[in-house]
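For the single chain, residues carry numbers from 1 onward in sequence order.
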Amino acid sequence: IGNLILKAVTAPFSLLAGAFGGGDELGSVPSAAGSALLDAEALQGLDKVVKALIERPALKMTVAGMASLEVERDAWKRAQLQQSLLAQKRRAALRAGQPAEEVKAVTPEEYPALLKEVYRRSDIAKPRNLVGIAKDLPPGGMEALLLASIPVSEASMRELALSRGVAVRDYLASRQLPSDQLFLGAVRVAPADAAWKPHAELTLATR
């Protein structure tokens with residue numbers, strides 16, 4: 001048993017591969033750039049990890065979210081713009097007497113009108129005509145100006161990395177993984193590397 005635990009620490013997911021049909025790749029939980037949402041592939045891998053850990057109570061897991069300013073800058077800005085559009089849609093729902101919490105997404109058909117309203121409400125510098133009235137712009141022009149106005153920093157990436165770690169931890173906890181086997185580690189902002197992929201890292205240790 002001691003040798004198995006030692007191997008679990010030095011080559012954790014390789015050792016457990018036979019148990020849950022995966023390998024070292026399960027030590028990395030992928031995310032879309034600029035987002036902390038877990039897709040079906042990520043959830044499927046986490047379900048395997050949960051099963052293996054519940055069966056091996058001598059192990060504990062630490063989740064550490066990661067993000068990269070250089071790789072995710074543009075995607076993060078687009079995610080923030082999407083949140084602004086969703087907030088505008090929820091405001092409209094409230095005015096119509098509908099519960100805002102039921103508004104979950106912006107459809108492609110709704111995008112142009114919501115984009116125009118978000119642009120109109122924004123206080124960014126806008127092209128104006130000779131009498132000082134803001135010009136009507138095509139959706140691409142409004143989108144470009146709004147995206148350019150969204151600041152992004154190392155602090156933004158740390159917040160994104162933390163959200164990734166929390167999303168993974170919360171999902172694992174929701175699958176009945178014991179709390180004394182699950183920990184949230186320090187976030188990391190990755191250096192510039194075009195090959196880097198957005199993810200959270202899982203590491204194992206003995207208790």
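Atom CD1 of Ile54 and atom CG of Leu172 lie 9.5 Å apart (nearest 0.5 Å). Atom OG of Ser149 sits about 8.0 Å away from atom NZ of Lys77, to the nearest 0.5 Å. Here the CG atom belonging to Leu37 is positioned 8.0 Å from the OG atom belonging to Ser31, to the nearest 0.5 angstrom. With values rounded to the nearest 0.5 angstrom, Ile150 atom CD1 is found 11.0 Å from Gln83 atom CD. Here Leu114 contributes atom CG and Arg90 contributes atom CZ; the two are 12.0 Å apart, rounded to the nearest 0.5 Å. Distance CZ/Phe183 to CZ/Arg169: 12.0 Å, rounded to 0.5 Å.
The closest side-chain heavy-atom distance from Ser28 to Lys197 is not below 4.5 Å. By the 4.5 Å heavy-atom criterion applied to side chains, Arg73 and Val152 are counted as neighbours. Looking at heavy atoms from C-beta onward, Glu159 lies out of side-chain contact with Trp76 at the 4.5 angstrom threshold. Taking 4.5 Å as the limit, some side-chain heavy atom of Leu160 sits within range of a side-chain heavy atom of Glu72. Counting only heavy atoms from C-beta outward, the side chains of Met66 and Glu201 approach each other to under 4.5 Å. Using a 4.5 Å cut-off on side-chain heavy atoms (C-beta onward), Val166 and Tyr171 make no contact. No side-chain heavy atom of Asp74 sits less than 4.5 Å from a side-chain heavy atom of Leu147.
Of all heavy-atom pairs between Ala64 and Ala186, the closest is CB-O, 3.6 Å. For the pair Ala75 and Ala33, the tightest heavy-atom approach, listed with the atom from each and the gap, is CB-O, 3.4 Å. Shortest non-hydrogen contact noted between Leu38 and Ala167 is CD1-O, 3.7 Å. In terms of heavy atoms, Ser68 sits closest to Pro191 at OG-O, 4.1 Å. Between Leu137 and Leu145, the closest heavy-atom pair is CD1-CD1, 3.6 Å. Considering every non-hydrogen atom in both Val103 and Ala93, the closest pair reads CG2-CB, 3.8 Å.
Cluster annotation: Leu184 is not connected to Met157 through the hydrophobic network of ILVMFWY side chains, with a link wherever side-chain heavy atoms come within less than 4.5 Å. The cluster map of Ile, Leu, Val, Met, Phe, Trp and Tyr, joined by side-chain heavy atoms under 4.5 Å apart, puts Leu43 and Val63 in the same cluster. Side-chain heavy atoms closer than 4.5 Å link hydrophobic residues (I, L, V, M, F, W, Y) into clusters, and following such links, even through other members, never connects Val71 to Val189. The cluster map of Ile, Leu, Val, Met, Phe, Trp and Tyr, joined by side-chain heavy atoms under 4.5 Å apart, puts Leu69 and Leu81 in the same cluster. Connection of Val118 to Met142 is established within a shared hydrophobic cluster, with ILVMFWY side chains joined at heavy-atom distances below 4.5 Å, either directly or through further cluster members.
Ion pair Lys60/Asp180 not flagged as a salt bridge, since none of the NZ, NE, NH1 or NH2 atoms sits closer than 4.0 Å to an Asp/Glu carboxylate oxygen. Salt bridge Arg91/Glu117: absent, no basic N to carboxylate O contact under 4.0 Å. The residues Glu154 and Arg158 are annotated as not salt-bridged, no charged nitrogen and carboxylate oxygen being separated by less than 4.0 angstrom. Ion pairing of Glu143 with Arg78 is present here, as a side-chain N (NZ or NE/NH1/NH2) and a carboxylate O approach within less than 4.0 Å.
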> Does the side-chain hydrogen bond (donor to acceptor under 3.5 Å, both in side chains) test come out yes or no for Glu110 and Thr107, once each step is laid out?
Replying inline: CA-CA 5 Å; Glu110 296 168 331; Thr107 68; 3.2 Å; yes
>> Using side chain to side chain contact (heavy atoms under 4.5 Å, CB included), reason through Arg175 and Asp47 one step at a time and then give a plain yes or no.
In response: CA-CA 8 Å; Arg175 305 299 287 178; Asp47 285 342; 3.3 Å; yes
>> I'd like to know whether Gln181 forms a side chain to side chain contact (heavy atoms under 4.5 Å, CB included) with Arg56, so could you lay out the CA-CA distance, the side-chain angles of the two residues, the decisive distance to 0.1 Å, and finally the verdict.
In response: CA-CA 10 Å; Gln181 280 186 272; Arg56 293 161 179 80; 5.7 Å; no
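Thr62 pairs with exactly one of Leu204, Thr203, Leu202 by the side chain to side chain contact (heavy atoms under 4.5 Å, CB included) rule, that one being Thr203.
A donor-acceptor pair shorter than 3.5 Å cannot be found between the side chains of Tyr119 and Asp136.
Side-chain atoms of Lys126 come within 3.5 Å of backbone atoms of Arg120 as a donor-acceptor pair (strictly under, hydrogens ignored).
The neighbour count for Lys116 NZ, taken as heavy atoms of other residues, nucleotides or ligands under 6.0 Å away, does not exceed 12.
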